[in-house]
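Read the structure below first, then the notes.
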There are 2 protein chains.
Amino acid sequence: MVSSANLHYYANSLFKYLSLNLFMISMLELRHLHMLKALVESGNLSRAAQRLHLTQSAISHQVKQIEDHYGVLVFERKTQPLRLTATGQRLHVLAETVLAQVAEAERDIARIVEGQAGRLRVAVECHTCFEWLMPAMDIFREHWSEIELDLVSGFHADPLALLREDRADLVVVSEHRKHGANGVVYHPLFGFEIIGIVSRLHRLAQKEYLTPQDFTDETLVTYPVPEEMLDVIRIFLKPHGVEPKRRTAELTVAILQLVASRRGISAMPSWAVQGYLRTGYVQGLRLGKEGLFGELYAVTHGEAAKTAYMQDFLETVRAVSFNTLPGLIPLSPA
Amino acid sequence: MVSSANLHYYANSLFKYLSLNLFMISMLELRHLHMLKALVESGNLSRAAQRLHLTQSAISHQVKQIEDHYGVLVFERKTQPLRLTATGQRLHVLAETVLAQVAEAERDIARIVEGQAGRLRVAVECHTCFEWLMPAMDIFREHWSEIELDLVSGFHADPLALLREDRADLVVVSEHRKHGANGVVYHPLFGFEIIGIVSRLHRLAQKEYLTPQDFTDETLVTYPVPEEMLDVIRIFLKPHGVEPKRRTAELTVAILQLVASRRGISAMPSWAVQGYLRTGYVQGLRLGKEGLFGELYAVTHGEAAKTAYMQDFLETVRAVSFNTLPGLIPLSPA
DNA sequence: CGAAATTACGACTGGCGTAAGTATC
DNA sequence: GATACTTACGCCAGTCGTAATTTCG
């Protein structure tokens with residue numbers, strides 16, 4: 001038994017169904033374009049899913065939907081690496097251009113809504129971070145020329161103090177304390193693995209992974225920062241009572257040189273050293289059986305976090321990072 | 001009581017909710033852009049809804065969704081005609097460019113899928129139809145330069161015979177017989193009102209609408225086609241036993257001249273005469289209290305209807321017509 | 001009052017998740 | 001067997017429709 005209202009509903013549904021097919025009001029949505037972009041940039045369904053905070057299954061569904069609609073495959077199966085078909089490539093080109101235009105329009109709208117300019121003073125406590133921060137800031141500056149963009153220089157023991165004292169609008173930190181204090185908000189940027197670095201010729205290079213004890217009689221080469229800020233020490237070594245000698249260097253290459261010449265071993269974000277591992281003088285090793293992982297957060301005032309340019313800055317940092325650094329892990333919000 | 005599976009589900013939903021807000025994976029979809037385009041082109045929510053085969057309510061919902069998302073109004077309320085806000089205009093520009101690019105990509109994909117060219121021989125039985133057919137064919141030719149596009153000239157008593165005899169691939173007709181015969185398919189183009197045309201000075205010009213009897217002692221001025229093809233006669237006059245004298249002219253202007261000089265009265269598609277009504281010598285009047293309405297269909301072979309270029313041709317015709325002719329009525333498919 | 005828009009409410013369904021299956025290296 | 005993708009199945013959130021209400025000319 002179907003009510004009259006329901007009858008109308010069914011008629012309408014049927015009609016809509018027909019109209020979508022017969023009248024060709026394309027079923028393609030921006031969702032699909034986002035997916036395709038992520039798919040190409042991350043190389044397979046699972047990683048694309050991670051980036052979009054969806055499951056592999058959802059991506060598969062979306063791909064299938066496009067393929068059914070156009071009647072062609074979007075990417076070739078059973079190939080490594082992933083290869084798009086001609087159709088897939090065309091759609092990917094579309095995604096690139098369209099999504100860029102959408103982003104631009106949304107920035108324009110944000111300007112219309114927020115009216116006037118603002119400023120963004122960025123502080124980082126982490127040496128290697130400049131690798132992604134600089135290109136991200138460059139892109140941001142292009143998009144928001146009217147925002148005064150600054151880098152707070154110098155090293156600071158307590159970077160959050162910079163926020164409190166209104167000497168910075170955004171600071172990048174690696175430790176995640178909870179929200180709340182002074183209306184401060186944490187924005188997850190990305191997660192990454194911290195790997196041990198040893199010379200190819202070092203006896204430890206043969207191991208499957210490094211244990212805290214392996215560090216006992218070694219010299220640990222790091223950036224010149226207090227040991228509380230080094231996750232290897234704070235999380236991996238200290239809890240097991242291991243306190244190796246330390247030696248510091250300012251630059252990543254310098255640290256790697258020291259490791260290569262067997263003056264010590266190190267531990268760094270995997271993305272910071274990926275390029276150097278290829279050359280073969282040093283080797284990366286997992287820290288502990290399960291690995292040691294670090295995370296990066298941007299901290300801002302709650303109010304500042306609401307502006308569109310701040311959100312765009314965060315998005316830009318994530319996009320640049322995921323697109324240029326290998327092995328990053330998306331973090332869930334909050 | 002919530003199952004474990006459900007718990008996961010809830011967690012995921014929450015997560016998705018958060019991520020959509022915090023990670024700014026824009027909620028804008030092509031749906032909204034289609035809606036905005038239709039909204040601007042048709043001038044108000046109701047007509048936009050008609051075009052998209054949705055209800056006024058759905059359009060209102062969509063607008064509200066955008067407005068909530070960006071925190072600005074998209075169009076100013078309580079103004080006649082409809083006026084977009086700055087945000088609305090920016091989004092409309094976005095819609096224009098993006099949708100054009102999507103359409104182009106879809107044509108490219110169709111070419112990839114279908115591989116090779118085809119041809120499209122168009123036949124029309126209706127004089128006035130050239131008004132929209134020509135611009136539509138021009139646009140189509142730009143998009144599908146490799147398709148051989150032809151116009152089948154001459155008048156034909158039974159236009160469907162052209163299809164059967166393979167002398168045309170698409171014919172435009174005003175009568176809608178059911179599918180089936182010879183695997184032929186009817187594609188609705190648009191509906192329109194047929195209005196009576198009388199001189200401003202004619203006594204009938206005072207009436208609210210014309211009745212069949214009003215035509216009894218008048219001369220009916222029409223295009224030179226058999227009377228079965230004239231809806232005024234077939235549907236409006238003949239059933240009431242009214243058979244006025246007839247006089248014919250080839251061109252719309254010529255017919256209107258005759259009417260203006262009170263040599264007779266006429267009946268034509270409202271869109272064909274809209275421009276001339278403004279000038280004031282002739283007047284349009286509804287035919288019957290409820291009005292007389294005509295419809296136009298394109299007829300093709302079922303097979304040919306499946307090709308993308310054919311579908312695109314139909315879409316182009318509809319788009320051109322709705323964008324240039326006043327007072328058209330969307331028809332439901334099938 | 002009619003035409004246009006908003007809104008409360010509810011129906012459906014399509015998009016996505018879980019989990020199990022298939023396939024490839 | 002690990003990794004990559006597909007698929008069956010089910011849930012619900014979001015989208016749309018109906019209808020009542022408001023608003024304006």
Side-chain angles (χ1 to χ4, degrees), chain A residues 1-17 19-21 25 27-32 34-35 39 42-50 52-69 73-83 88 332, chain B residues 1-21 25 27-32 34-35 39 42-50 52-69 73-83 88:
Chain A
M1 185 65 179
V2 182
S3 76
S4 150
N6 276 352
L7 254 179
H8 276 103
Y9 191 87
Y10 286 128
N12 263 306
S13 295
L14 176 63
F15 174 61
K16 187 187 152 198
Y17 172 74
S19 86
L20 281 176
N21 285 325
I25 292 165
M27 55 66 66
L28 193 72
E29 285 294 349
L30 290 184
R31 173 164 34 96
H32 299 111
H34 275 115
M35 183 274 287
L39 182 59
S42 60
N44 70 38
L45 299 214
S46 331
R47 280 194 295 271
Q50 275 205 319
L52 299 177
H53 301 291
L54 294 173
T55 60
Q56 207 182 16
S57 168
I59 307 300
S60 184
H61 284 312
Q62 285 196 18
V63 172
K64 189 159 187 350
Q65 203 189 346
I66 298 183
E67 292 181 335
D68 287 351
H69 181 72
L73 290 184
V74 161
F75 71 98
E76 296 169 23
R77 311 305 149 105
K78 305 164 188 181
T79 64
Q80 201 47 238
L82 180 139
R83 260 178 41 203
S332 36
Chain B
M1 186 65 179
V2 182
S3 77
S4 149
N6 276 351
L7 255 178
H8 277 103
Y9 191 87
Y10 287 128
N12 262 305
S13 295
L14 176 63
F15 174 60
K16 187 186 151 198
Y17 172 72
L18 287 172
S19 84
L20 281 177
N21 285 326
I25 291 165
M27 56 66 67
L28 192 73
E29 285 294 349
L30 290 185
R31 176 163 33 97
H32 299 111
H34 275 114
M35 183 274 288
L39 182 58
S42 60
N44 70 38
L45 297 215
S46 332
R47 280 196 293 273
Q50 276 206 319
L52 299 176
H53 301 289
L54 293 173
T55 60
Q56 207 183 17
S57 168
I59 308 299
S60 184
H61 285 313
Q62 284 196 18
V63 172
K64 189 158 186 354
Q65 203 188 347
I66 299 182
E67 291 181 336
D68 287 351
H69 181 72
L73 290 183
V74 161
F75 71 97
E76 296 169 22
R77 308 308 149 103
K78 306 166 188 181
T79 65
Q80 202 47 240
L82 180 139
R83 260 177 42 202

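Numbers restart at 1 for each chain; the letters A, B, ... are given by sequence-line order, proteins then strands. Below, each value reflects all heavy atoms present in this structure, side chains not excepted, and no hydrogens, waters or symmetry copies.
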Has the side chain of [X] got a donor or acceptor that lies under 3.5 Å from a partner of the other kind on the base of [N]?
| X | N | answer |
| --- | --- | --- |
| A:Ser57 | D:dT7 | yes |
| A:His61 | C:dG17 | yes |
| A:Ser46 | D:dT3 | no |

From [atom1] of [X] over to [atom2] of [N], roughly how many Å is that when rounded to an integer?
| X | N | atom1 | atom2 | result |
| --- | --- | --- | --- | --- |
| A:Glu76 | D:dC5 | CD | C1' | 15 Å |
| B:Arg31 | C:dT13 | CZ | P | 17 Å |
| A:Glu29 | C:dC16 | CD | P | 11 Å |
| B:Ile66 | C:dA5 | CD1 | C1' | 16 Å |
| B:Gln50 | C:dA5 | CD | P | 13 Å |
| B:Leu82 | D:dT23 | CG | P | 19 Å |
| A:Met27 | C:dG14 | CE | P | 11 Å |
| A:Gln56 | C:dT18 | CD | P | 12 Å |

With respect to the phosphate group of [N], does any side-chain polar atom (N or O) of [X] fall under 4.0 Å of OP1 or OP2?
| X | N | answer |
| --- | --- | --- |
| B:Lys78 | D:dT23 | no |
| B:Gln65 | D:dT15 | yes |
| B:Ser60 | C:dA5 | no |
| B:Gln62 | D:dC16 | yes |

Inset, instruction - State, to 0.1 Å, how close B:Met35 and B:Ile66 come at their nearest heavy-atom pair, and which atoms those are. - result: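 Shortest heavy-atom separation between B:Met35 and B:Ile66 comes out as CE-CD1, 4.2 Å.
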Legend entry - Heavy-atom closest contact (A:Gln62 atom, A:Leu54 atom, distance):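 The pair with the smallest heavy-atom distance is NE2-CD1, 4.2 Å.
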Legend entry - Backbone N/O of B:Leu30 and side chain of A:Glu29: donor-acceptor pair under 3.5 Å: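 Such a contact is found between A:Glu29 side chain and B:Leu30 backbone.
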Inset, instruction - Report the distance from atom CD of A:Gln56 to atom NE2 of A:His61, rounding to the nearest 0.5 Å. - result: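 Between A:Gln56 CD and A:His61 NE2, I get 11.0 Å after rounding to 0.5 Å.
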Inset, instruction - Could you walk me through whether B:His69 and B:Leu28 pass the side chain to side chain contact (heavy atoms under 4.5 Å, CB included) test, one step at a time? - result: CA-CA 9 Å; B:His69 181 72; B:Leu28 192 73; 5.9 Å; no
Legend entry - B:Lys64 side-chain proximity, nearest of C:dT7, C:dG15, D:dA4: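 Looking only at side-chain atoms, B:Lys64 lies closest to C:dT7.
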